[in-house]
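Here is the structure we will look at, set down as structure tokens.
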Amino acid sequence: PVVGRRLASFLDLRAQSQRLEDAAALTPLWRFVLPGSDGNEQVDGHWVSSSFFQVLGVQPLKGRGFTANEDRPGGVPAVIVSYRLWRNHFDGDPNILGRAVPLNNSAAPIVGVMPPGFRFLDDVDLWAPLSQNPCLGRGRGVRLLRMVGRLAPGATLAQAQAEVEGIAGRLERAYPETNTGLGARVIALDDQLVGGIR
């Protein structure tokens, strides 16, 4: 299922949910800039939580996913690149892991390369740890996240919907300045991706 909008609310929902086995969050498309031999190249990417690849059930072809130490404010910088970016921008460098690219005015080592054809929601080529996104330090009022979760064994979509509505209600009462009127809706991933098209 896909739900959510904010980092703090995502973390609360992830911690409180019994109907979701695990959950991950990601930003909309983000434009990163990588230096190259022909000048700077703009690359579309996502900031993602460290649980992102695990929730989707996919592992990097080379290297690893993000750690909790990387996915925290002020954490260790890191990036993961697509197979396409590795082949085209980095010439398929077999020693790509550890190679540094700029991120948030620091050098971030490449820790993973995703398998060919990996894609989720958008066609992107770079992933960075969500908690290091500069916009997310502005508190609960920032509304830019998408969330994806895996249902717990035996849980139904209706049960997950009822649960996230309850969590959203508790968050609204706890944080009225930022969460008033902010609900949560659970949508099956197939419905999110293809809607009424069959």
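All values below come from the heavy atoms of this structure, side chains included, with hydrogens, waters and symmetry mates left out. Note that the structure is a prediction, hence the values are computed from the model and not measured.
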Would a 4.5 Å heavy-atom cut-off, applied to side chains only, mark [X] and [Y] as touching?
| X | Y | answer |
| --- | --- | --- |
| L26 | W47 | no |
| D44 | R31 | yes |
| V79 | V111 | no |
| L20 | L13 | yes |
| F53 | I80 | yes |
| S50 | T67 | no |

Before giving the answer on side chain to side chain contact (heavy atoms under 4.5 Å, CB included), spell out for V33 and V43 the whole-Å C-alpha distance, their side-chain angles and the decisive distance to 0.1 Å. CA-CA 6 Å; V33 177; V43 176; over 6 Å; no

For residues [X] and [Y], report the shortest heavy-atom separation together with the two atoms involved.
| X | Y | value |
| --- | --- | --- |
| A23 | M147 | CB-CE, 3.3 Å |
| P109 | P77 | CD-O, 3.2 Å |
| L61 | P116 | CD2-CD, 4.3 Å |

List in chain and number order the residues that pass side-chain hydrogen bond (donor to acceptor under 3.5 Å, both in side chains) with R99, two or more places apart in sequence or in another chain; answer none if no residue qualifies. D93

In terms of the angle between their ring planes, are W127 and F118 parallel, tilted or perpendicular, with boundaries placed at 30° and 60°?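 Because their plane-to-plane angle lies in the 30° to 60° range, the rings of W127 and F118 count as tilted.
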
Once rounded to the nearest 0.5 Å, what's the spacing between atom [atom1] of [X] and atom [atom2] of [Y]?
| X | Y | atom1 | atom2 | answer |
| --- | --- | --- | --- | --- |
| E172 | E165 | CD | CD | 12.0 Å |
| L34 | Q42 | CG | CD | 10.0 Å |
| D12 | I167 | CG | CD1 | 9.0 Å |
| K62 | M114 | NZ | CE | 13.5 Å |
| L103 | Q132 | CG | CD | 6.5 Å |
| Y83 | D125 | OH | CG | 13.0 Å |

Is it true that E163 and Q159 share a donor-acceptor pair across their side chains at a distance under 3.5 Å?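 Checked: Q159/E163 side chains show no N/O donor-acceptor pair below 3.5 Å.
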
Does the side chain of S51 pick up a donor-acceptor pair with the side chain of D22 at under 3.5 Å?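 No.
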
F52/F120 aromatic ring centres below 6.0 Å: yes

For the pair R84 and D123, find out whether any cationic side-chain nitrogen is under 4.0 Å from an anionic carboxylate oxygen.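 Yes, this pair counts.
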
Pairing residues for D122 by the side chain to side chain contact (heavy atoms under 4.5 Å, CB included) criterion, not counting sequence neighbours: L29, H46, V124, R146

What's the verdict on side-chain hydrogen bond (donor to acceptor under 3.5 Å, both in side chains) for Q16 and R170, showing C-alpha distance, side-chain angles and the deciding distance? CA-CA 11 Å; Q16 296 176 33; R170 289 194 297 274; 3.1 Å; yes

Check salt bridge (Lys or Arg N to Asp or Glu O under 4.0 Å) between R64 and all other residues, then give those that pass, not counting sequence neighbours. E70

Same apolar cluster: V76 and L130, side chain cutoff 4.5 Å: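 No, V76 and L130 fall in different hydrophobic clusters.
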
Assess the residue pair S131 and D71 against the criterion (side-chain hydrogen bond (donor to acceptor under 3.5 Å, both in side chains)); give the C-alpha distance rounded to whole Å, side-chain angles, the decisive distance to 0.1 Å, and a yes or no. CA-CA 5 Å; S131 295; D71 186 23; 3.0 Å; yes

